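In what follows, a structure is listed as structure tokens, so that the remarks can point back to it.
Keep in mind it's a predicted model, so treat the numbers as computed, not measured. The first residue of the sequence shown is numbered 1, and numbering continues consecutively from there.
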Amino acid sequence: QVHLVESGGGLVQVGGSLRISCAASGRPFSGSTVAWFRQVPGKEREFVAGIRRPGSMTYYVDAVKGRFTISRDAVKNTVHLQMNSLKPEDTAVYYCAADSRSIIRSEMSRVTAYDYWGQGTQVTVSS
């Protein structure tokens with residue numbers, strides 16, 4: 001069993017930066033896929049970024065490429081999402097998702113591909 005806890009959300013101004021983190025307890029992240037999704041009221045949860053082994057390959061939705069960076073700290077069993085140049089449309093609840101499999105890119109954006117989810121952390125970008 002894996003328990004995920006997100007942290008680091010908050011209020012930031014347009015153009016600012018924020019780093020959110022996903023800490024896992026239980027089974028380590030090694031050999032697994034970890035992703036960040038986000039959701040706003042009335043809309044479906046959408047894939048933002050993912051990282052998977054082997055080699056910690058990373059993937060991003062086009063809307064955040066060049067602004068967001070996902071990274072893994074294997075020692076601390078934590079995955080971070082560094083968000084720069086934030087825009088009002090980045091406002092959402094951000095969820096961490098993990099699975100013990102190395103999920104291929106074409107499946108990575110599917111909510112149903114993940115066995116474990118965190119409770120979410122609110123990110124609000126004010127203009």
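Not less than 6.0 angstrom separates the ring centroid of F47 from the ring centroid of Y60.
Closest non-hydrogen pair, A113 versus D99, comes out as O-OD1, 3.2 Å. Taking both residues in full, the closest heavy atoms of D90 and S85 are given as OD2-O, 4.5 Å, listed atom of the first, atom of the second, then distance. Nearest heavy atoms, A49 versus L81: CB-CD1, 4.1 Å. Closest heavy-atom contact between S21 and T78: CB-CG2, 4.1 Å.
Partner M83 forms a side chain to side chain contact (heavy atoms under 4.5 Å, CB included) with one of L18, V12, I70 and no other, that one being L18.
The 12-atom threshold is exceeded at CD of E89, counting heavy atoms of other residues, nucleotides or ligands nearer than 6.0 Å. By the 6.0 Å contact criterion, CD on Q119 is enclosed, its count of non-hydrogen atoms from other residues, nucleotides or ligands being greater than 12.
Tracing side-chain contacts under 4.5 Å through hydrophobic residues (I, L, V, M, F, W, Y), one reaches V14 starting from L86; they form part of the same cluster. Hydrophobic clustering of Ile, Leu, Val, Met, Phe, Trp and Tyr side chains at less than 4.5 Å, counting indirect connections, unites M108 with M57.
Side-chain atoms of V79 and S71, non-hydrogen and from C-beta on, never get closer than 4.5 Å to each other. V93 has its side chain out of reach of R38: every pair of non-hydrogen atoms, C-beta onward, lies at least 4.5 Å apart. Inter-residue side-chain proximity for I51 and Y59 is flagged as unmet; no heavy-atom pair is nearer than 4.5 Å. Residues Q122 and T91 form a side-chain contact, since some pair of their non-hydrogen atoms from C-beta on lies under 4.5 Å apart.
To the nearest 0.5 angstrom, W36 atom CH2 is 9.5 Å from H80 atom NE2. We find the CD-CZ distance between E107 and R52 to be 11.5 Å, quoted to the nearest 0.5 Å. For the atom pair R105 CZ and T33 OG1, the distance stands at 11.5 Å (nearest 0.5 Å). Taking CD from E6 and CD1 from I20, the interatomic distance works out to 7.5 Å, rounded to the nearest 0.5 Å. How far CG of N77 is from SG of C22: 9.0 Å, rounded to the nearest 0.5 Å. How far OG of S127 is from NZ of K87: 14.0 Å, rounded to the nearest 0.5 Å.
Residues K65 and D62 are paired through a salt bridge, judged by an N-O separation under 4.0 Å between the basic side chain and the carboxylate. For the pair D115 and R101, the salt-bridge criterion is not met [side-chain N within less than 4.0 Å of a carboxylate O].
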Quiz item: Taking it one step at a time, do C96 and V34 satisfy side chain to side chain contact (heavy atoms under 4.5 Å, CB included)?
Solution: CA-CA 7 Å; C96 176; V34 181; 3.9 Å; yes
Quiz prompt | CA sep, side-chain torsions, deciding dist, call: Y114, I103, side chain to side chain contact (heavy atoms under 4.5 Å, CB included) | solution = CA-CA 9 Å; Y114 300 87; I103 300 173; 3.8 Å; yes
Exercise. Decide yes or no on side chain to side chain donor-acceptor pair (under 3.5 Å) for S17 and N84, but give the supporting numbers first.
Key: CA-CA 4 Å; S17 297; N84 299 328; 2.9 Å; yes
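Taking the ring centre of Y95 as origin, the terminal cationic atom of R45 falls inside the region bounded by 6.0 Å and 45° from the ring axis.
Side-chain N or O atoms of R67 include one that pairs as donor or acceptor with a backbone N or O of A63 at under 3.5 Å. With hydrogens and angles disregarded, a donor-acceptor distance shorter than 3.5 Å links the side chain of S102 to the backbone of R53.
Note: Y94 and F68 have tilted aromatic rings, judged against thresholds of 30 and 60 degrees for the angle between ring planes.
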